[in-house]
Amino acid sequence: MPMAGIYGPDDFDNPLHRHPAAQPRSRVSPAARALPMPLLAWTPEVERTTAHLYQRVKNVISPIEWPFMAPYIKAINELKKTRDAVILAHNYQTPEIFHCVADIVGDSLQLAIEATKVKSDIIVQCGVHFMAETSKILNPHKTVLIPDSRAGCSLASSITGADVRLLRQRFPGVPVVAYVNTSADVKAEVDICCTSSNAVQVVESLNAPTVIFLPDQYLAKYVASKTDVKIIAWKGACEVHERFTGDELRAYREADPSVQIIAHPECPPDVLAEADFTGSTAHMINWVRNKRPKRVVMITECSMADNVRAELPDVEMVRPCNLCPHMKRITLPKILDSLVYLREEVTVDPLIAERARRSVERMINLKN
Ligand code: SF4
């Protein structure tokens with residue numbers, strides 16, 4: 001179905017767009033709750049207690065790098081127990097985080113669902129701010145920490161709740177679906193959330209002839225190509241995935257006609273047209289696990305290829321290394337600081353959180 005239009009902030013006279021008051025806030029927890037900083041030396045004991053973890057990442061982390069990481073990994077894993085904390089890590093986190101300190105890993109949908117089952121008092125979100133907000137929305141009585149609250153997202157910052165209200169005025173009665181890559185403020189204004197795993201299913205679940213889909217224009221185009229529902233889109237884009245080009249993919253295939261190319265639906269249409277498979281990060285990982293191609297190009301954030309390669313050393317990864325600068329703000333030293341000082345705590349206005357929770361839970365219940 002052709003798209004029914006793409007709108008952006010320039011199409012509305014919206015003084016609240018990117019207004020600081022519309023953005024979520026994090027606050028630093030009181031230093032009174034701090035624990036002593038552990039010693040961070042590479043000792044025989046650190047080497048022994050982390051040896052089994054190094055086995056998980058030895059294909060992607062060199063023996064020279066490991067002595068700098070292992071003391072942090074040991075300290076973080078011990079502090080998790082002291083703090084009764086759980087670490088959630090997105091697929092785009094680096095291998096030493098993803099494979100060595102995370103308790104739960106996955107894409108946005110998997111993390112959102114797992115966040116509802118967490119028993120620990122503290123959640124440390126290794127991902128970007130909207131993911132930590134989603135965990136807080138689903139766990140209002142828990143402490144949710146993000147190791148660096150500047151870890152944003154070009155999609156989440158492309159739209160505000162006020163923009164959604166203006167879209168509703170322009171298209172009265174048309175239901176609104178928000179990709180989870182949005183602020184709590186936006187989630188509070190929409191009918192239901194979706195991820196790249198379930199976007200088509202969510203759009204069709206509304207039984208409406210036309211749906212407003214925001215904020216990713218490329219995911220919206222991908223959804224429009226898979227459904228008869230008319231899609232009205234927003235002009236947002238992921239700054240990582242929009243950098244890929246169809247020419248780049250054709251060059252990979254010319255260099256090796258047997259290579260398999262798999263792409264994330266946040267990529268532009270000319271990129272998806274060249275791919276052998278399109279899917280969310282979770283679907284891409286499962287595709288590689290099941291097909292076991294000899295060589296694969298993963299058209300998505302670079303660290304995911306490292307994480308899959310650590311698990312499947314027989315698959316050769318060709319890595320067009322587009323890094324997400326926001327995901328890369330999360331590091332082992334910052335995770336340790338987060339657990340020692342209980343920072344940075346993510347808060348969401350309770351009234352916004354209650355409305356945003358309805359949109360997220362509607363998606364989760366659909367999935368279940
Ligand atoms: S990879 Fe793209 S969508 Fe994901 S957090 Fe980074 S900017 Fe946002």
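Atoms considered below: every heavy atom in the structure, side chains included; atoms not considered: hydrogens, waters and symmetry mates. First listed ligand is number 1; within each ligand, the first listed atom is number 1.
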Below 4.0 Å from ligand 1: does a non-hydrogen atom of H90 turn up there or not? no
Side chains of Y92 and T300: donor-acceptor distance under 3.5 Å anywhere? yes
Considering non-hydrogen atoms of the protein only, which is the closest contact for atom 2 (Fe) of ligand 1, and what is the distance? C238 SG, 2.3 Å
Would you mind listing which atoms of ligand 1 come within a distance below 4.0 Å of any non-hydrogen atom of S154? 7 (S)
Decide, counting backbone as well as side-chain atoms, whether C153 has an N, O or S atom less than 2.8 Å from atom 8 (Fe) of ligand 1. yes
Residues, nucleotides or ligands: over 12 heavy atoms within 6.0 Å of Q55 CD: yes
So CG of D216 and CD of E266: to nearest 0.5 Å the spacing works out to 5.0 Å
Ligand 1 atoms in contact with N181 (distance to a heavy atom under 4.0 Å): 3 (S)
Among all protein heavy atoms, pick out the one at the shortest distance from atom 4 (Fe) of ligand 1; state its residue, atom name and that distance to 0.1 Å. Y92 CE1, 4.0 Å
Would you mind listing which atoms of ligand 1 come within a distance below 4.0 Å of any non-hydrogen atom of E266? 3 (S)
Does E133 come within less than 4.0 Å of K136, counting only side-chain N to carboxylate O? no
Got an N, O or S from C324 under 2.8 Å of atom 6 (Fe) of ligand 1? yes
Using the rule side-chain contact (heavy atoms from CB on, under 4.5 Å), only one of L249, V297, I261 pairs with P320; which is it? V297
Picking from R295, R253, K291, what satisfies salt bridge (charged side-chain N to carboxylate O under 4.0 Å, His left out) with D276? R253
